[in-house]
Amino acid sequence: MKLADKTCNEFVNELASKNPVPGGGGAAALVGAIGVALSSMVCNLTTGKKKYAQFEDDIQDILKKAQELQNSLMQMIDEDAENFLPLSKAYGMPKGTEQERKLKEETLEKALKQACEVPIKIVKACYDAIKLHAELVDKGSRLAISDVGVGVQCLRAAIISGQLNIVININSIKDSVYVDRIKKEVMPLVKEGVNLADKVYEKVEQILSR
Ligand SMILES: Nc1nc(=O)c2c([nH]1)NC[C@@H]1CN(c3ccc(C(=O)N[C@@H](CCC(=O)O)C(=O)O)cc3)C=[N+]21
């Protein structure tokens with residue numbers, strides 16, 4: 001059974017167990033999916049309202065993108081489990097003899113790179129999703145402004161969590177060309193995403209302050 005098809009209770013209990021998957025990577029994907037689902041929710045609460053008619057086309061665009069990102073992030077829960085399992089197996093390989101040590105080192109290097117793939121996708125998807133909330137904070141129904149805040153905080157947590165899973169893996173990767181390439185690709189997105197999320201959240205707080 002797919003992890004994404006489990007009930008909330010089953011999933012969270014599975015996460016709590018010592019099973020290697022789902023792990024922090026899957027948790028990041030799910031939290032990201034929840035964050036972007038809240039963008040969809042705000043769109044669905046805004047669409048068709050006279051007060052927001054001037055934003056109707058934008059709301060429809062945001063809704064479409066949010067639904068796609070939600071589907072992708074939900075798929076990433078199971079993708080991360082598939083891509084992390086080889087690494088969790090490689091961790092347990094013996095390294096008694098020189099031959100075993102060499103095989104383990106090569107297997108680990110490949111598995112570590114494979115384990116980076118989904119967290120990189122999580123960072124990119126969360127970055128795109130944070131941008132949707134940045135639009136919704138101005139165009140979405142004010143009745144749901146707190147949901148923009150909740151959504152953007154989930155995505156802030158998820159983008160940093162994606163990055164953290166990349167960092168723990170690349171810290172053990174020997175191929176410095178690969179490591180530098182991934183860092184250059186991911187770190188600016190996280191920095192910009194977190195900054196934007198904080199700006200959106202500040203606006204939410206300001207709108208709700210009295
Ligand atoms: N893409 C990605 N997704 C992750 O979820 C992810 C990751 N990369 N990189 C590393 C962190 C950390 N993490 C662990 C999972 C299991 C054990 C663990 O100890 N597993 C034992 C089982 C524990 C036991 O049975 O006692 C084992 O597999 O043998 C540790 C750490 C997942 N992470």
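Counting starts at 1 for both ligands and their atoms, in listed order.
- Between K95 and K102, the closest side-chain pair of non-hydrogen atoms is not below 4.5 Å.
- Between L3 and F11, the closest heavy-atom pair is O-CD1, 3.8 Å.
- Taking the centre and axis of the six-membered ring of Y178, the NZ or CZ atom of K113 falls inside the cone set by 45° and 6.0 Å.
- The shortest side-chain heavy-atom distance between L85 and P20 falls under the 4.5 Å cut-off.
- N44 contributes atom CG, which lies 11.0 Å from atom OG of S39 (distance to the nearest 0.5 angstrom).
- L155 and I77 are assigned to two separate hydrophobic clusters, defined by single-linkage of ILVMFWY side chains at heavy-atom distances under 4.5 Å.
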Can you give me a line-by-line list of nitrogen or oxygen pairs between ligand 1 and the protein shorter than 3.5 Å?
residue, atom, partner, partner atom, Å
ligand 1, 1 (N), D80, OD1, 2.8
ligand 1, 1 (N), A115, O, 2.7
ligand 1, 3 (N), D80, OD2, 2.7
ligand 1, 5 (O), G24, N, 3.4
ligand 1, 5 (O), G25, N, 3.1
ligand 1, 8 (N), N169, ND2, 3.1
ligand 1, 9 (N), N169, OD1, 2.9

